[in-house]
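Written out below as structure tokens is the structure these notes cover.
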Amino acid sequence: MATEAATGIAHLANTMNAVRQHEFGGPEVLRYEEAPMPTLQAGEVLIRVHAVSLNPPDWYLRDGYKMLPAEWRPSVTFPLTLGTDVSGVVAAVAPDVQDFAVGEEVFGMVRFPSVGESRGYAEYVAAPASDLARKPATIDHVQAAGAPMSGLTVWQYLIELGHTATNPFQPEAHRPVPLSGKRVLVNGAAGGVGHLAVQLAKWQGAYVIAVASGEQETFLRGLGVDEFIDYTKTPAEDVVRDIDLVLDTLSGPTTGRFLRVLKRDGALFPVFLGFADAEEAAQLGITVSMTQVRSNGQQLAELGRLLEAGTVRVAIDSTFPLAEARQAHERVARGHIQGKIVLTVA
Ligand SMILES: NC(=O)c1ccc[n+]([C@@H]2O[C@H](COP(=O)([O-])OP(=O)(O)OC[C@H]3O[C@@H](n4cnc5c(N)ncnc54)[C@H](OP(=O)(O)O)[C@@H]3O)[C@@H](O)[C@H]2O)c1
């Protein structure tokens with residue numbers, strides 16, 4: 001078993017800076033302040049965070065999951081620190097951790113989907129080693145922090161589910177479909193999930209149609225999409241047909257409009273809660289399927305190899321210092337996100 005000095009724990013201070021909230025609310029509840037240093041449990045790695053990206057669950061939780069019925073809202077303890085997706089350097093490891101050593105650069109999505117347990121908007125975060133992978137050497141911490149949740153969502157929807165946990169959205173497990181030579185439409189293509197989805201679908205050999213606002217066209221064509229539809233001018237469902245798969249990152253009550261663009265035996269994958277008419281889908285022979293992303297260091301290592309080779313890249317919408325998490329959340333509220341918003345930690 002490693003000694004305390006060898007694991008790096010002996011050298012750490014008792015406090016750090018973090019962004020915390022003491023109540024639910026808008027961006028103004030995010031406060032940069034002193035917080036206790038996380039303690040390490042068995043199997044965990046302490047990361048000195050260099051960058052942490054924003055994801056929709058951050059603002060859902062900041063707000064107290066207001067969009068859910070009261071009985072579904074998770075209960076959390078205040079003060080609360082948001083943030084799942086980090087990139088940084090290993091500062092200490094629990095004595096039983098074999099896969100990572102002090103000083104290594106790592107990235108990961110920490111403890112998702114456990115609500116309120118991730119705590120990445122901080123100088124240090126403790127993470128299960130199994131949630132982490134080595135940071136690709138050719139990209140910086142900002143890009144690496146942008147990859148985990150969006151990238152794993154695409155991986156688990158389109159490439160490989162990679163776990164046997166119960167699906168909270170449907171009785172059966174989600175099953176990706178083959179993409180090679182297929183016609184794939186990605187709605188919300190410029191966002192965190194969408195911009196990685198178009199690249200991973202291209203990598204798998206699909207013909208990719210991207211749907212986004214007109215200002216995203218140059219960006220998405222630069223990522224290799226074959227066709228672009230500006231949803232502010234033309235509803236995609238009016239102009240495309242014979243699609244094999246729709247990945248709808250927007251979803252919600254309007255996702256059912258994509259049933260009519262799909263071939264028989266096609267698939268509609270809403271990434272957020274989708275409400276397609278199950279009877280209509282069955283009549284048309286279309287599979288509608290959802291899943292919830294889960295932390296997975298192994299899959300992240302595979303994605304990391306594509307990032308390292310430059311096959312897939314993480315686009316950065318904007319960066320903000322950790323102390324300006326509030327401004328980063330205000331940027332979210334303005335919409336039209338292109339890639340990822342990332343907080344940098346000095
Ligand atoms: N199932 C899961 O486990 C899972 C995991 C991750 C995320 N999600 C969900 O997936 C959704 C997307 O996440 P994200 O991180 O990609 O969000 P995001 O980065 O905020 O991106 C949203 C994108 O949607 C585009 N958009 C907005 N209105 C649109 C419209 N009417 N039609 C087409 N595109 C539109 C926006 O840009 P433009 O308007 O400029 O095109 C933006 O690029 C969220 O609801 C999130 O909660 C689910």
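Numbering of ligands and ligand atoms starts at 1, following listing order. These numbers come from the heavy atoms of this one structure, side chains and all, not from hydrogens, waters or symmetry mates.
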Legend entry - Sub-4.0 Å atoms of ligand 1 with respect to non-hydrogen atoms of A212: 41 (O)
Inset, instruction - Taking only heavy atoms of Q292 into account, list the atoms of ligand 1 that are under 4.0 Å away from them. - result: 3 (O)
Inset, instruction - Determine, for D140 against K135, whether the closest basic-nitrogen to carboxylate-oxygen distance falls under 4.0 angstrom. - result: no
Inset, instruction - Check whether any side-chain heavy atom of M290 lies under 4.5 Å from a side-chain heavy atom of H174, and answer yes or no. - result: no
Inset, instruction - For ligand 1, note which part of F112 has a heavy atom under 4.0 Å away: side chain, backbone, both or neither. - result: neither
Legend entry - Contact atoms of ligand 1, heavy-atom distance to T249 under 4.0 Å: 10 (O), 11 (C), 12 (C)
Legend entry - Aromatic plane relationship, H329 with Y121 - under 30° parallel, 30 to 60° tilted, over 60° perpendicular: perpendicular
Legend entry - Any N/O pair Q338/ligand 1 closer than 3.5 Å: no
Legend entry - Minimum side-chain heavy-atom gap N187-T255 below 4.5 Å: no
Inset, instruction - Output yes when E330 and R334 qualify as a salt bridge under the 4.0 Å nitrogen-oxygen rule, no when they do not. - result: no
Inset, instruction - Note the single closest protein heavy atom to atom 26 (N) of ligand 1, along with its residue, its atom name and the distance in Å. - result: L250 CD1, 3.9 Å
Inset, instruction - Around atom 7 (C) of ligand 1, find the nearest protein heavy atom and jot down its residue, atom name and distance. - result: V193 CG2, 3.9 Å
Inset, instruction - Would you check the N or O atoms of G192, main chain and side chain alike, for any that come under 3.5 Å of an N or O of ligand 1? - result: yes
Legend entry - Contact with ligand 1 for N55, non-hydrogen, under 4.0 angstrom: no
Legend entry - Test of proximity, G191 against ligand 1: N or O pairs below 3.5 Å: yes
Legend entry - Side-chain donor-acceptor pair present, Y32, E324, cut-off under 3.5 Å: no
Legend entry - Protein contact of atom 24 (O) of ligand 1 - nearest heavy atom, named by residue and atom, plus distance: G188 CA, 3.9 Å
Legend entry - For N187, the ligand 1 atoms whose distance to one of its heavy atoms is below 4.0 Å: 32 (N), 33 (C)
Inset, instruction - Using distance alone, decide if ligand 1 has a nitrogen or oxygen within less than 3.5 Å of any nitrogen or oxygen in Q216. - result: yes
Legend entry - H141 and E105 side chains, donor-acceptor separation under 3.5 Å: yes
Inset, instruction - Run through V342, L54, I341 and flag the one making a side-chain contact (heavy atoms from CB on, under 4.5 Å) with F320. - result: I341
Legend entry - Any N or O of W59 closer than 3.5 Å to N or O of ligand 1: no
Legend entry - Ionic contact status for D226 with R183, cut-off 4.0 Å: no
Legend entry - Salt bridge flag under 4.0 Å for residues D242 and R264: no
Legend entry - hydrophobic_cluster_shared for V193 and L306, side chain cutoff 4.5 Å: yes
Legend entry - Electrostatic pair E23:R62 at N-O distance under 4.0 angstrom: no
Legend entry - Polar contact flag for P56 and ligand 1 (N/O pairs, less than 3.5 Å): no
Inset, instruction - Run the salt-bridge test on R111 and E117 with the 4.0 Å N-O cut-off and return the result as yes or no. - result: no
Legend entry - Any N or O of T291 closer than 3.5 Å to N or O of ligand 1: yes
Inset, instruction - State which residue, out of Y65, F78, Y60, fulfils the ring-ring contact (aromatic ring centres under 6.0 Å, His included) condition with F24. - result: F78
Inset, instruction - List the closest protein heavy-atom neighbour of atom 42 (C) of ligand 1: residue, atom name, distance to the nearest 0.1 Å. - result: I337 O, 3.6 Å
Legend entry - Nearest neighbour in protein (non-hydrogen) for atom 6 (C) of ligand 1: T153 OG1, 3.3 Å
Inset, instruction - Output the list of atoms in ligand 1 that are nearer than 4.0 Å to some heavy atom of A190, sorted by atom number. - result: 43 (O)
Inset, instruction - Return yes or no for this condition: an N or O of V271 is under 3.5 Å from an N or O of ligand 1. - result: yes
Legend entry - Nearest-neighbour protein heavy atom for atom 41 (O) of ligand 1, which is reported as residue plus atom name and distance: S213 N, 2.9 Å
Inset, instruction - Please confirm whether Y60 comes within less than 3.5 Å of ligand 1 when only nitrogen or oxygen atoms on both sides are compared. - result: yes
Inset, instruction - Answer with yes or no whether V332 contacts ligand 1, where contact means a heavy atom under 4.0 Å from a ligand atom. - result: no
Legend entry - Distance-only side-chain donor-acceptor flag, E33 / H22, under 3.5 Å: yes
Inset, instruction - Taking atom types as modelled, find out whether S289 and Q170 have a side-chain donor-acceptor pair closer than 3.5 angstrom. - result: yes
Inset, instruction - Within a distance under 4.0 Å of any heavy atom of Y157, pick out the atoms of ligand 1 and give their elements. - result: 1 (N)
Legend entry - Close N or O approach (H336, ligand 1; < 3.5 Å): yes
Inset, instruction - Would you mind telling me if ligand 1 is within reach of the side chain of V293, the backbone, both or neither, using heavy atoms under 4.0 Å? - result: both
Inset, instruction - Find all atoms of ligand 1 within a distance of less than 4.0 Å from any non-hydrogen atom belonging to F272, and give their numbers and elements. - result: 45 (O), 47 (O)
Legend entry - atom 39 (O) of ligand 1: the protein heavy-atom neighbour that sits closest, reported with distance to 0.1 Å: Y231 OH, 2.5 Å
